[in-house]
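Following: one structure in structure tokens, then a few remarks.
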Protein chains: 2
Amino acid sequence: MGVTKSKIFTEHQNKLAKIAKVLGHPARIAILEYIFKANTCICNDLVDEIGLAQATISQHLKELKSISLISGTIEGKKVCYCINKQRWDEVQQELVNFFKSDQDASCC
Amino acid sequence: MGVTKSKIFTEHQNKLAKIAKVLGHPARIAILEYIFKANTCICNDLVDEIGLAQATISQHLKELKSISLISGTIEGKKVCYCINKQRWDEVQQELVNFFKSDQDASCC
DNA sequence: ATTTATTATCGTAATATTGCAATGATAAAA
DNA sequence: TTTTATCATTGCAATATTACGATAATAAAT
């Protein structure tokens, strides 16, 4: 089908999966790394840096905005993208919590 | 196209994205949570617990095995799945490293 | 040997994702 | 006003993902 049965999962499971899904493309990892390094950038910087078409980069930026990991501020004819630090930390915490455990992990 | 241009990204970007992609489905989050809680389980446990068809669960398990997050040991006619703790910690570290930073994140 | 239990794989249908060219939309510059 | 720069959106083609029924494959149980 290609359609995820979201209803049978908890809200938290869906939220966490959504975050991971957005991070699940190398272009979006590259975009985040670049913005982090540069602190701020415009769409065309990423087009030059990464080597995908402008439309494609724009789509990836939209995905990243959909989980509020980045935000874009209109500055004249440019849009200035930057990391949403608060959300960034929040997402990191979500992931850490998922992996955290005091289990033995005694295997079979 | 629907095909990712892996060649234009670094190996690390591709690896990280692959991990995130595998985590990017609520069924796989649910599977990991269940195995973690139960410490160990068989495929049918997950079918009962999650409510997807056996074929579907089997496919998700395959994805999780593809990044070595879990491993399956044949025990008679059952297959005993458990978390690969070493890999688990490794993956956690990868993600933490990605999010770690001492940037100001001064925005525009 | 036959049945039963468990899991993997194959085939298929529905939907989603990726990527890009073309086109809009907007604001600055000429 | 026209041009230029920047970015978003639309439409499309190619490919990937999700889900499941049907079918193997294997080993235990009868």
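Because only heavy atoms are used, hydrogens play no part in the values below, and waters and symmetry mates are left out as well, while side chains stay in. Residue numbers begin at 1 in each chain, while the letters A, B, ... track the order of the sequences.
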Any chance you could measure [X], atom [atom1], to [Y], atom [atom2], to the nearest 0.5 Å?
X     : Y     : atom1 : atom2 : answer
B/S68 : B/Q86 : OG    : CD    : 10.0 Å
A/Q92 : A/L95 : CD    : CG    : 8.0 Å
B/L69 : B/L61 : CG    : CG    : 11.5 Å
A/F99 : B/I83 : CZ    : CD1   : 9.0 Å
B/T73 : B/I42 : OG1   : CD1   : 13.0 Å

- [ ] Determine the minimum heavy-atom distance between A/C82 and A/I35, stating which atoms define it.
- [x] CA-CG2, 3.7 Å
Open item on the list: Can you work out whether B/V79 or A/T4 has the more 5'-proximal nearest nucleotide on DNA chain C?
Closed with: B/V79
Task: Nearest-nucleotide 5' precedence on DNA chain C, B/V3 against A/V3 - done: A/V3
With a 4.0 Å limit, can you tell me whether [X] has a side-chain N or O closer than that to the phosphate oxygens OP1/OP2 of [N]?
X     : N      : result
B/T56 : D/dA19 : no
A/S58 : D/dC7  : no
B/Y81 : C/dA8  : yes

Open item on the list: Run the side-chain hydrogen bond (donor to acceptor under 3.5 Å, both in side chains) test against B/E90 and tell me which residues pass, sequence neighbours left out.
Closed with: B/R87
Task: Results of side-chain hydrogen bond (donor to acceptor under 3.5 Å, both in side chains) for B/E49 - residues two or more places apart only - done: none
If you define the side chain from C-beta out and look only at heavy atoms, does anything of [X] sit under 4.5 Å from [Y]?
X      : Y     : answer
B/K100 : B/N97 : yes
A/K18  : A/S66 : yes
A/E11  : A/N14 : no

Open item on the list: Tell me which residues in residues 5-16 of chain A lie within less than 4.0 Å of DNA chain D, going by non-hydrogen atoms.
Closed with: A/K5
Task: Within residues 18-27 of chain B: residues closer than 4.0 Å to DNA chain D (heavy atoms) - done: B/K21, B/H25
- [ ] For B/D89, enumerate each residue passing the salt bridge (Lys or Arg N to Asp or Glu O under 4.0 Å) test, keeping only those at least two apart in sequence or located in another chain.
- [x] B/K85
Open item on the list: Among residues at least two apart in sequence or on other chains, which ones pass side-chain contact (heavy atoms from CB on, under 4.5 Å) with B/K65?
Closed with: B/I70, B/Y81
Task: Residue-level proximity of residues 60-68 of chain A to DNA chain C when a heavy atom falls under 4.0 Å - done: A/H60
Task: Sub-4.0 Å heavy-atom contacts from residues 43-52 of chain B onto DNA chain C, ordered by number - done: B/C43, B/N44
[N] [atom2] sits how many Å from [X] [atom1], rounded?
X     : N      : atom1 : atom2 : value
B/Q59 : C/dA13 : CD    : P     : 16 Å
B/I57 : C/dA5  : CD1   : C1'   : 18 Å
B/I42 : C/dA8  : CD1   : C1'   : 14 Å
A/E75 : D/dC7  : CD    : P     : 11 Å

Identify all side-chain donor-acceptor contacts of residues 50-57 of chain B below 3.5 Å with residues at least two apart in sequence or on another chain.
none

Report each atom pair, protein N/O against N/O of nucleotides 21-27 of chain D, whose distance is under 3.5 angstrom.
none

Would you mind writing out the side-chain donor-acceptor pairs for residues 19-34 of chain A within the sub-3.5 Å range, not counting sequence neighbours?
unit_1	atom_1	unit_2	atom_2	d
A/H25	ND1	A/A27	N	3.0
A/H25	NE2	B/T4	OG1	3.3
A/R28	NE	A/V22	O	2.5
A/R28	NH1	A/H60	ND1	3.0
A/R28	NH2	A/K21	O	3.4
A/E33	OE1	B/Q13	NE2	2.8

Open item on the list: Within the supplied structure, the quantity of interest is the number of heavy atoms (other residues, nucleotides, ligands) at a distance under 6.0 Å from A/I74 CD1; does it exceed 12?
Closed with: no
